[in-house]
Amino acid sequence: MEENKELVLELIEFLSLDSKHPLQVRETALEHLAPMTTTESGRQMLKKTNLSNYLFNQLKVNSNVSSMIVKNGLTCLINLCSISDCLLQISSQEKVVSSLVENMNSSDSTIVKLSGILLNNLTHNEKGCATLLQLNEPMKKGLILSKLIEMFVFQERMEEDPHSWIASVLMNVTQLTEGRKIILDEKRGTIPLLTPFIMDQNLMRRKYILGMIKNCCFEAGSIEYLISDQVNLLVHLLMPLRAGITLNKEDVEGAFTELKNPPKSSTREKSAECRKLILKSLVMISSQKIGRQLLKDKKVYPIIREAEKIEEDEKVKEEMYTLVDIIIGEEDNPTNKNNPLVEVKEIQTKIVDESDLLKKDSKPESDQKQTTESAKQIEEIEEI
């Protein structure tokens with residue numbers, strides 16, 4: 001064991017940019033070190049070394065850092081994030097976050113994917129979220145986040161869509177009040193850019209944008225903006241439930257125009273988890289009088305009534321029953337007042353590591369291949 005430790009320390013020293021070792025030597029050393037991060041014993045050994053410090057300066061391709069080094073370096077850091085101390089150390093490094101965001105513009109889809117996964121892991125804690133949001137730099141606050149959103153919305157999609165990892169980052173940072181305020185800032189116009197992804201073909205984009213929206217519903221005073229014509233959130237949330245069901249003329253009288261005769265291209269949401277997130281957001285919107293009244297006026301009940309008839313998931317049905325109880329309940333019901341029904345609490349979640357990415361779990365129902373259910377993100381804020 002002691003001999004192995006000495007060998008590991010020797011390999012790590014080869015990674016120093018200050019050394020005279022050629023690029024190929026650093027590549028070989030890191031090729032031998034990376035597999036160690038896939039086991040708990042290996043991670044615990046590397047935790048006690050300065051490996052991370054050497055990698056922090058080698059996360060971008062340049063004349064002295066090859067793509068092989070970047071990919072293996074990112075893999076090491078992703079796996080080391082499963083150790084809380086390592087996660088805290090990595091997430092506090094502003095230069096790491098900056099390098100990862102630059103990598104999201106890379107033409108190498110593997111580097112984009114690994115950088116997105118690491119950004120996801122780093123925003124699993126408050127420190128990482130604060131670093132990405134640049135909360136210590138008032139003049140730059142939200143600048144990095146805006147860059148990521150621009151890539152997510154406008155960047156031409158690569159094969160396997162590695163930029164979909166940005167959706168999980170958006171959901172993670174909106175666990176913080178500061179993150180929600182940046183996303184909800186009307187002057188930035190961010191929410192109207194993101195709501196159309198509720199019906200995206202990519203399951204990962206849909207699921208985590210829905211998680212982000214649910215988180216935003218916790219922000220005081222957000223409901224009025226979210227249900228405004230400027231955002232049109234209710235139409236985006238209801239379309240995946242409305243598609244595929246038949247309503248009579250009376251049911252759609254007074255409904256949103258878009259929901260009276262949905263386009264033929266619209267399809268019912270296939271993911272039970274996404275349907276549940278949609279309903280949770282609707283429940284939160286209905287917890288405010290202004291939201292509850294709009295749901296009544298726009299004939300949401302018939303949509304939920306018919307959707308329930310074809311719903312097979314019991315947990316989704318429970319959310320439907322909760323929503324119906326609120327929107328057709330008596331106004332003097334104390335749970336129907338303007339006080340929110342839910343509060344924020346911390347969630348215990350799983351960090352993504354290489355072993356997760358290699359598992360052969362069930363794929364999304366869409367034809368996208370970039371997500372695995374085993375690579376679980378931070379879950380959206382849950383009710384108490």
Side-chain angles (χ1 to χ4, degrees), residues 191-192 195-200 206-207 209-211 213-214 216-217 222-338 340-342 365 380 383:
I191 282 287
T195 48
F197 290 96
I198 291 173
M199 293 196 69
D200 196 84
R206 299 198 308 273
K207 180 177 179 179
I209 289 300
L210 282 168
I213 288 170
K214 179 175 175 288
C216 288
C217 289
S222 66
I223 300 300
E224 186 171 359
Y225 171 55
L226 289 172
I227 64 176
S228 67
D229 292 339
Q230 185 178 349
V231 178
N232 207 21
L233 177 60
L234 287 178
V235 170
H236 289 291
L237 288 175
L238 290 165
M239 187 64 77
L241 302 178
R242 170 69 176 91
I245 62 175
T246 303
L247 297 175
N248 60 41
K249 186 177 180 179
E250 182 180 333
D251 286 336
V252 298
E253 187 176 346
F256 289 104
T257 302
E258 299 93 328
L259 298 176
K260 290 182 178 180
N261 294 295
K264 293 181 179 180
S265 59
S266 63
T267 57
R268 179 174 181 266
E269 174 56 63
K270 295 180 180 180
S271 165
E273 183 64 25
C274 287
R275 295 197 300 275
K276 187 167 69 171
L277 286 169
I278 289 171
L279 288 157
K280 282 180 177 290
S281 293
L282 290 172
V283 166
M284 296 182 69
I285 290 171
S286 68
S287 72
Q288 301 288 307
K289 185 175 181 179
I290 186 173
R292 187 165 61 253
Q293 190 59 54
L294 187 59
L295 290 174
K296 290 181 178 182
D297 294 344
K298 294 299 183 179
K299 297 291 188 71
V300 171
Y301 170 69
I303 296 176
I304 305 303
R305 180 194 67 208
E306 296 304 312
E308 189 273 342
K309 293 178 181 179
I310 59 174
E311 182 57 60
E312 297 179 351
D313 188 284
E314 290 302 319
K315 290 184 178 180
V316 175
K317 282 189 175 184
E318 289 176 10
E319 296 296 335
M320 289 179 169
Y321 300 149
T322 299
L323 178 60
V324 170
D325 284 344
I326 296 173
I327 62 178
I328 68 173
E330 294 296 328
E331 284 297 322
D332 60 355
N333 186 329
T335 63
N336 283 348
K337 298 301 181 182
N338 277 342
L341 295 175
V342 288
E365 295 174 343
E380 61 283 354
E383 301 95 336

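Given the structure is predicted, the values throughout are model-derived calculations rather than measurements. Count residues from 1 along the sequence.
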Chi angles and distances behind the side chain to side chain contact (heavy atoms under 4.5 Å, CB included) call for Leu234, Leu295: CA-CA 8 Å; Leu234 287 178; Leu295 290 174; 3.8 Å; yes

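- To the nearest 0.5 angstrom, Leu238 atom CG is 9.5 Å from Ile198 atom CD1.
- We find the CG-CG distance between Leu210 and Leu279 to be 10.5 Å, quoted to the nearest 0.5 Å.
- Pairing each heavy atom of Arg206 with each of Ser271, the nearest pair is NH2-CB, 4.4 Å.
- Counting heavy atoms of neighbouring residues, nucleotides and ligands inside a 6.0 Å radius, atom CD of Glu224 does not exceed 12 of them.
- Residues Ala272 and Val316 share a closest heavy-atom pair of O-CG2, 3.4 Å.
- Inter-residue side-chain proximity for Pro263 and Met239 is flagged as met; some heavy-atom pair is nearer than 4.5 Å.
- Atom CD1 of Ile223 and atom CG of Leu294 lie 11.5 Å apart (nearest 0.5 Å).
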Report the C-alpha distance between Lys299 and Leu247 in whole Å, list the side-chain angles of each, state the deciding distance to 0.1 Å, and finish with yes or no for side chain to side chain contact (heavy atoms under 4.5 Å, CB included). CA-CA 11 Å; Lys299 297 291 188 71; Leu247 297 175; over 6 Å; no

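- In this structure, Lys298 and Val235 have side chains that are not in contact, with every pair of non-hydrogen atoms separated by 4.5 Å or more.
- Atoms CE and CZ, on Met320 and Arg275 in that order, are 7.0 Å from each other to the nearest 0.5 Å.
- Summarising the geometry, atom CD belonging to Gln288 is positioned 9.5 Å from atom SG belonging to Cys217; distances are rounded to the nearest 0.5 Å.
- The shortest heavy-atom contact between Leu259 and Arg242 is O-NE, 2.8 Å.
- For Lys315 and Glu318, the salt-bridge test fails: no basic side-chain N is under 4.0 Å from an acidic carboxylate O.
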Verify side chain to side chain contact (heavy atoms under 4.5 Å, CB included) between Ile326 and Ser287, making sure each step is shown before the conclusion. CA-CA 8 Å; Ile326 296 173; Ser287 72; 5.7 Å; no

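- Look at Arg268 and Glu311 and you find a salt bridge, because one of the NZ, NE, NH1 or NH2 atoms lies within 4.0 Å of a carboxylate O, short of that distance.
- In terms of heavy-atom proximity, Phe197 sits nearest to Ile209 at CB-CG1, 4.1 Å.
- None of Ile213, Ile191, Ile227 except one satisfies the side chain to side chain contact (heavy atoms under 4.5 Å, CB included) rule with Leu233; the exception is Ile213.
- Of the inter-residue distances, the one linking Glu308 atom CD with Leu241 atom CG reads 12.5 Å to the nearest 0.5 angstrom.
- In this structure, Asn261 places its CG atom where only 12 or fewer heavy-atom neighbours from other residues, nucleotides or ligands lie under 6.0 Å away.
- What you find for Pro262 and Ser266 is that their closest heavy atoms are CB-OG, 3.6 Å.
- Nearest heavy atoms, Arg292 versus Ser286: NH1-O, 2.9 Å.
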